[in-house]
Amino acid sequence: MRTQVVIIGSGPAGLLLGQLLTNCGIDNIILERASREHVLSRIRAGVLEEGTVGMLDEAGVGARMHREGLPHDGFDIAFDGRRHRIDLHRLTGGKRVMVYGQTEVTQDLMEKRAQTGARSVYQAENVKPHDFDGESPFVTYEKDGTTHRIDCDFIAGCDGFHGVSRKSVPESSIDLYERIYPFGWLGIIAEVPPAGHELIYANHPRGFALCSMRSTHRSRYYVQVPTGEKVDDWTDERFWDELRARLPSASAEQVTTGPSIEKSIAPLRSFVAEPMRFGRLFLAGDAAHIVPPTGAKGLNLAASDIRYLFDGLREYYEEKSAAGIDAYSGRALARVWKAERFSWWMTNTLHKFPDQGAFGQKIQHAELDYLFQSEAALTMLAENYVGLPY
Ligand code: APR
Ligand code: PHB
């Protein structure tokens, strides 16, 4: 079998790249190790930058997002018992974010791909990229006991942090940068109205909390928990009590409790692999970088990677120029590292660190005190939150 681009991974990065390639007639196959149902069962963040919204529109999958998504002009930071609104729209000259769950993005992309008839293989086992340092790469995988080979021009490793693509690169050819945080996020989803019409990020002596949402009747909440915490140790009641304890009292009273329909703990890490290209293998999305969810950048970085990679591949096929794919890694990493910095800053500013000490607490307090007194600091926060230019 042969195609122009093999995409490993059917998450947002792989599906978005696949749709853009299909729309301009570049043949591609997606190989995904999980089932469709498993991919769609994942609960992830839900704040889209305008660049991501624009890419979903360009891919032809924006209709439901515009119907059901929630445009947000700002968000609050709760600190010292008070809430401070970050007016994104004013501070960025009219930009905003779209609150729309990643699960919905993935579903919209999957449905569009099925409509186009583009090839995807789910439950593809033992997917392996081969000879990507040469001119004739290929990918093998096993399905129903048979080993298959797909010859191609390029391989897009969109297989996430735990995928095979990055791990197929010789250690001597790749540099890894990582910071693991000493806490995780315990998150729940409940069919209850949100605590407010915008998100609330809370810095509290008991730890970080976040009030988010998926719609006007479905809420998403998080509390910071120590590393090693077990989700089974958290009843719904204990969660709601801890969340409200970390919010200003007026906000806590706005929290509608109810049974959780999803409850899980996610670890927090910052991670970057450099470069993001190895001959005819490109890494995109979580395969190349991870951010703590504090800045809501994970999905949005996957989108900007795909912007650069798709433009480069289209230029290669349509204009017979390799300039775009040669520039991919440098362009993507320049934006990745700025988002890593912002996500690291948001995480350090809003969370309680076990080894913070009295000095660390005073610095964190001064950081937030300065933020709310400085138009320049608020503008920095706002322009990073809505997304820096591509
Ligand atoms: N072979 C085939 N598929 C694989 C393999 C493999 N060896 N390893 C992983 N995959 C699949 C996973 O099952 C998953 O469906 O690759 C896909 C990667 O998707 P994501 O992890 O969602 O990564 P990405 O598409 O880059 O999207 C990034 O997703 O995880 C969130 O927070 C993250 O918001 C960010 C977004
Ligand atoms: C979410 O709604 O899941 C969410 C929102 C904002 C974040 C992280 C997660 O920073």
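Computed over heavy atoms, backbone and side chain alike; hydrogens, waters and symmetry mates excluded. Each residue takes its place number in the sequence, starting with 1. Predicted model only: the values in this text are computed from it and were never measured. Order of listing sets the numbers, starting from 1, for every ligand and every atom in it.
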Query raised in the report: Do the two ring centres, one from Y316 and one from F154, sit under 6.0 Å apart?
Result: yes
Requested in this report: For ligand 2, find out whether one of its N or O atoms is nearer than 3.5 Å to an N or O atom of Y385.
Outcome: no
**Report entry** Of the listed options G14, P293, G160, A124, closest to atom 20 (P) of ligand 1 (non-hydrogen atoms)
**Finding:** G160
Query raised in the report: What about P293: any of its N or O atoms under 3.5 Å from an N or O on ligand 2?
Result: yes
Report task. Would you please indicate if the ring centroids of H351 and Y181 are separated by under 6.0 Å? Result -> no
Query raised in the report: Side chain, backbone, both or neither: which part of V99 has a heavy atom under 4.0 Å from ligand 2?
Result: neither
Query - Check: S251/R83 side-chain N/O donor and acceptor closer than 3.5 Å - result: yes
Requested in this report: Give the atoms of ligand 2, by number and element, whose distance to some non-hydrogen atom of L199 is under 4.0 Å.
Outcome: 5 (C), 6 (C)
Query raised in the report: Is E58 paired with R307 through a side-chain N to carboxylate O contact shorter than 4.0 Å?
Result: yes
Requested in this report: Give the atoms of ligand 2, by number and element, whose distance to some non-hydrogen atom of Y201 is under 4.0 Å.
Outcome: 6 (C), 7 (C), 10 (O)
Query raised in the report: Should one rank C158, S168, A302 by closest heavy-atom distance to atom 18 (C) of ligand 1, which comes out on top?
Result: C158
Query raised in the report: Got a donor-acceptor contact below 3.5 angstrom from the K362 side chain to the A358 backbone?
Result: no
Query raised in the report: When the ring centroid of H38 is compared with that of Y122, is the distance short of 6.0 Å?
Result: no
Query raised in the report: Hey, does V127 come in under 3.5 Å of ligand 1, counting only N/O atoms on both sides?
Result: no
Query raised in the report: With distance as the sole test, does Y221 use its side chain to make a donor-acceptor pair with the main-chain N or O of A195 at under 3.5 Å?
Result: yes
Query - Nearest neighbour of atom 27 (O) of ligand 1 from the list P12, G11, A288, on a heavy-atom basis - result: P12
Query - Option passing side chain to side chain contact (heavy atoms under 4.5 Å, CB included) with M55 (candidates I306, L48, V61) - result: I306
Requested in this report: Decide, yes or no, whether a salt bridge links R314 with E319 under the criterion of side-chain N to carboxylate O below 4.0 Å.
Outcome: no
Query raised in the report: If you measure from atom 11 (C) of ligand 1 to every heavy atom of R33, K128, E32, R166, which option wins on shortest distance?
Result: E32
Query raised in the report: Have S173 and E171 got a donor and an acceptor in their side chains that come within less than 3.5 Å?
Result: no
Report task. Below 4.0 angstrom from a heavy atom of V47, which ligand 2 atoms are there? Numbered from 1 as shown, please. Result -> 5 (C), 6 (C)
Query raised in the report: Backbone or side chain, does any N or O of W185 fall under 3.5 Å from an N or O of ligand 2?
Result: no
Query - Heavy atom of the protein closest to atom 23 (O) of ligand 1 (residue, atom name, distance) - result: D286 CB, 3.8 Å
Query raised in the report: Any idea which atoms of ligand 2 are less than 4.0 Å away from a heavy-atom of R214?
Result: 1 (C), 2 (O), 3 (O)
Report task. State yes or no: do F372 and L381 share one hydrophobic cluster built from I, L, V, M, F, W and Y residues joined by side-chain heavy-atom distances below 4.5 Å, directly or via other members? Result -> yes
Report task. List the closest protein heavy-atom neighbour of atom 25 (O) of ligand 1: residue, atom name, distance to the nearest 0.1 Å. Result -> A13 N, 3.0 Å
Requested in this report: Mind checking whether I290 contacts ligand 1 via backbone (N, CA, C, O), side chain (CB onward), both or neither, at a 4.0 Å heavy-atom cut-off?
Outcome: neither
Requested in this report: Pick one of side chain, backbone, both or neither for how S212 approaches ligand 2, counting any non-hydrogen atom pair under 4.0 Å.
Outcome: side chain
Report summary line: Among R44, R42, E125, Q102, closest by heavy atom to atom 34 (O) of ligand 1 is Q102
Query raised in the report: Which residue owns the protein heavy atom closest to atom 9 (C) of ligand 1, what's the atom, and how far is it?
Result: D159 O, 3.1 Å
Query raised in the report: Does the separation of the ring centres of F278 and F132 fall below 6.0 angstrom?
Result: no
